[in-house]
Amino acid sequence: MFCVGGVSLTGGDPVPPYVPDTGPPVRVNQVGYLPFGPKHATVVTDAPGSIPWQVNNSAGVTVTSGTTTPAAGLDTSSGQQVHTLDFSAVTQAGTGYTLIVDGQTSYPFDISPTVYDQLRSDALHFFYLQRSGIPITDALAPGYARPAGHIGVAPNQGDTSVPCQPGAGDYQLDVSGGWYDAGDEGKYVVNGGIATYQLLSLYERTLTAPRRRQGPPGDGDLRVPEHGNGVPDILDEARWELEFLLRMQVPAGQPLAGMAHHKVHDDSWTGLPMAPDQDPQPRHLHPPSTAATLNLAAAAAQGARLYVPFDPGFAQRCLTAARTAAQAHREVYASKDDTTGGGPYDDRDVTDEFYWAAAELFITTGEQAFLDEPRASPYATADPFPPSGFGWQQVAALGRLDLATVPSPLPDGDRNAARASVVAAADRYLQTAQGQAYGMPLADHEYGWGSNSVVLNKLAVIATAFDLTGNRRYRDGVLEGLDYILGRNALNESYVTGHGRHNSHNQHSRLYGHAIDPALPEPPAGSIAGGPNVGLEDPKASRLLIDRTVDPPRKPAPQFCYIDDIQSWSTNEVAINWNSALSWVVSFAADQKNIDVQ
């Protein structure tokens, strides 16, 4: 048999579309629920009226029961007829609960105040495993040990002395360290910026939120080699990337001194899989960009205030780099066509980056000049919270979130306005979620590349509204939105490896190639897949999911635009900015363990 573009030439008939195994029709958060948090489920059924349900404990004893609520009309995100139900009355901690609806049994789930603790640890451990320039050890990551990548040991050409692309400079830089960005082994300042911000923000929230953990995350909380150095592990992990970002700054004496190189990656795409230490490709520094420069300024300014108690010298180095970047040359943009060997991360509208960088510098320094810039920005009056949530290309929201929550000399009027805008955005996102039978703040047109991060970043805004107001509906909205990520979705799939009975574990990555080579590991527990993407840009997803038996060819409903396949880079890749979003939200959820008494 010979196939071209999903069309079999044996008989001339189009190949039928792939039909996923979605398991039982009862969809729950497969990881579990907090005892006093919301507990909702969705049932796929065409029953016209309410149907009975019951929750059983691990011994098979029914602990509560009720009847479902049919959704009004077809759920367009899934193309399904569904019912919903609420079993929040179950508060007794236990393992192995199941929800039975009209004789159909869900995957098992737990109810526990610590239900998110392991997931928080695993989601953050992902970053250690993505580290470049350091050996990954079995002691910290059993089964994932590998030599240091890109340190110049043959056949690897290394990142310790990387030349500029022709025409971008005549110097070389040591840009070792940092995190591999996603399924490839490139390192990108604009994506590193938002990922670093979210890890630092996760820590900073424990210092500022009125409802928080018992003390900040400490030394020993994570599985990192810096354990025992007296610094909170989350700051050690964020510093690994922040040091890389600082190394990407153009040195003094060069025409674009103070700016940041946009990215560094292989000159050509490598095969899949590819161990970092075996990568033979030459690598180059790509030209500086304004977006990268301002990401560096913002993340470094944020780091400058957080590292002071632990390493004042490093904090000062961050602040100097941030000031230099903020004053560097402007209006230099990355090319959208620079796609050979790495992603472009292009962005020609950097008004949001200017706003974010100035906000972080003002919070850190209190200097009027850095307040004047956000006041003069279009975002002083414009809404910084896009309908589809913030992301690496829309970062003004990051500055607004910090202006609203982090102590600074910001005048009360500005602070109150910032807080009001956060709450207003959270209200809009909650309104979207309330219109969805699966409970997530995602409209049908928002299932693009990395849709799971869109959900999570919206949840971070909603969580911040809870920190600002104490209104429980925001906290409940975050927890219910997280249910979607962990199994309460049309595919009955937890998108986080190792968490939930049916979870994604074949994500696109050169580091975790078990699906191609059984000698290699699967993605580590805590890795989140990008999620449904109606674009279906990769050949594997396009071939399997587009129905070509009809004319014109038809894509599935948005939630079904996903396959757990290592070749599906448009729906199933890993990425640092997706795991940073997961880490932030799951950390918030884990902090709500005493939800009944807060």
Side-chain angles (χ1 to χ4, degrees), residues 1-25 27 42 44-46 73-82 182-184 269 271-273 336-337 339-340 343-344 388 436-438 440 442-455 484 489-495 502-510 513 515-516 529-575 578:
M1 182 173 70
F2 176 65
C3 295
V4 177
V7 179
S8 171
L9 300 185
T10 55
D13 296 325
V15 176
Y18 162 78
V19 178
D21 178 6
T22 58
R27 311 293 160 80
T42 303
V44 181
T45 176
D46 58 5
L74 187 76
D75 174 53
T76 55
S77 74
S78 64
Q80 299 167 327
Q81 297 284 351
V82 298
D184 64 327
W269 290 104
L272 184 74
K336 64 182 178 61
D337 299 320
T339 59
T340 303
S388 295
Q436 298 292 328
Y438 284 96
M440 68 294 184
L442 197 66
D444 290 359
H445 65 277
E446 294 173 343
Y447 287 85
W449 204 310
S451 65
N452 283 340
S453 73
V454 175
V455 172
Y484 165 82
N489 53 58
L491 289 169
N492 212 2
E493 176 116 357
S494 168
Y495 290 111
H502 184 240
N503 62 76
S504 300
H505 54 278
N506 295 305
Q507 289 99 316
H508 176 81
S509 171
R510 282 161 178 73
I516 294 174
N533 172 14
V534 297
L536 299 177
E537 289 91 348
D538 66 84
K540 187 65 174 282
S542 173
R543 180 173 64 83
L544 287 181
L545 297 179
I546 297 178
D547 184 357
R548 293 182 172 85
T549 65
V550 296
D551 188 20
R554 183 172 56 219
K555 293 180 180 179
Q559 285 201 53
F560 282 91
C561 291
Y562 170 84
I563 52 173
D564 182 24
D565 190 293
I566 194 171
Q567 300 289 355
S568 183
W569 37 264
S570 71
T571 77
N572 201 39
E573 193 168 8
V574 297
W578 301 342

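The model shown is predicted, which means the values in this text are computed figures rather than measured ones.
Residue Leu442 holds its CG atom at 8.0 Å from OG of Ser388, rounded to the nearest 0.5 Å. Here Arg543 contributes atom CZ and Tyr18 contributes atom OH; the two are 11.5 Å apart, rounded to the nearest 0.5 Å. Remark: Thr42 OG1 to Gln436 CD distance equals 10.5 Å, nearest 0.5 Å. Here the CG-CG distance, from Asn452 to Asn533, works out to 10.5 Å after rounding to the nearest 0.5 Å. Atom NE2 of His502 sits about 6.0 Å away from atom CG of Asp21, to the nearest 0.5 Å. With values rounded to the nearest 0.5 angstrom, Leu536 atom CG is found 5.0 Å from Lys555 atom NZ.
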side-chain contact (heavy atoms from CB on, under 4.5 Å), that's the test. Do Asp75 and Gln559 meet it? Break it down for me.
CA-CA 10 Å; Asp75 174 53; Gln559 285 201 53; 4.2 Å; yes

Test log, rule side chain to side chain donor-acceptor pair (under 3.5 Å), inputs Asn506 and Asp565
CA-CA 5 Å; Asn506 295 305; Asp565 190 293; over 6 Å; no

Between Gln80 and Thr45, is the side-chain contact (heavy atoms from CB on, under 4.5 Å) condition met? List the steps.
CA-CA 8 Å; Gln80 299 167 327; Thr45 176; over 6 Å; no

Between Phe560 and Leu545, does a side-chain contact (heavy atoms from CB on, under 4.5 Å) hold up when you go through it step by step?
CA-CA 8 Å; Phe560 282 91; Leu545 297 179; over 6 Å; no

Could you walk me through whether Ser542 and Arg548 satisfy the side chain to side chain donor-acceptor pair (under 3.5 Å) test, starting with their C-alpha distance in whole Å, then the side-chain angles of each, then the deciding distance to 0.1 Å, before giving a yes or no?
CA-CA 10 Å; Ser542 173; Arg548 293 182 172 85; 3.1 Å; yes

Asp538 vs Ser570, side chain to side chain donor-acceptor pair (under 3.5 Å): CA-CA, chis, key distance, verdict
CA-CA 6 Å; Asp538 66 84; Ser570 71; 2.4 Å; yes

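A perpendicular orientation is assigned to the rings of Tyr495 and Tyr562, their planes being inclined by more than 60° (bins at 30° and 60°).
The minimum heavy-atom distance linking Pro553 with Ile546 is given by the pair CB-CG2, 3.7 Å. Gly343 approaches Trp269 most closely through the heavy-atom pair N-CH2, 4.0 Å. Taking each heavy atom of Val574 and Ser509 in turn, the nearest pair found is CG2-CB, 4.1 Å. Counting all heavy atoms, side chain and backbone alike, Ser453 lies closest to Trp578 at CB-CD1, 3.2 Å. Listed here is the closest heavy atom pair of Ser78 and Ala490: CB-CB, 3.6 Å. In plain terms, the two heavy atoms of Ile563 and Ala541 that are nearest each other are CD1-CA, 3.8 Å.
Val534 is not listed as a side-chain neighbour of Trp449, based on a closest heavy-atom distance of 4.5 Å or more. Considering only heavy atoms from C-beta on, Asp337 stays 4.5 Å or farther from Pro344 through its side chain. With contacts defined as side-chain heavy-atom distances shorter than 4.5 Å, the pair Trp569/Leu272 does not qualify. Looking only at side-chain heavy atoms (C-beta outward), Cys561 and Thr571 stay at 4.5 Å or farther from each other. Within the 4.5 Å cutoff, no side-chain heavy atoms of Val455 are placed close to those of Glu446.
Side chain of His508 to main chain of Gly183: no donor-acceptor pair is present (N/O by atom type, distance under 3.5 Å, no hydrogens or angles). Judged by distance alone, with hydrogens and angles left aside, the side-chain atoms of Ser451 form a donor-acceptor pair with the main-chain N or O of Pro532 at under 3.5 Å. At least one donor-acceptor pair under 3.5 Å links the side chain of Asp564 to the backbone N or O of His505. Within the 3.5 Å criterion, the main-chain N or O of Asp551 finds no donor-acceptor partner in the side chain of Arg554. A donor-acceptor contact shorter than 3.5 Å is absent between the side chain of Arg27 and the backbone of Val44. Remark: side-chain polar atoms of Asn489 are paired, donor with acceptor, to backbone N or O of Tyr484 under 3.5 angstrom.
Of the N and O atoms on the side chains of Ser77 and Asp444, not one donor lies less than 3.5 Å from an acceptor on the other residue. Residues Ser504 and Glu493 have side chains that bring a donor and an acceptor to within less than 3.5 angstrom of each other.
Taking the side chain to side chain donor-acceptor pair (under 3.5 Å) definition, one finds that Thr340 meets it with nothing, sequence neighbours left out.
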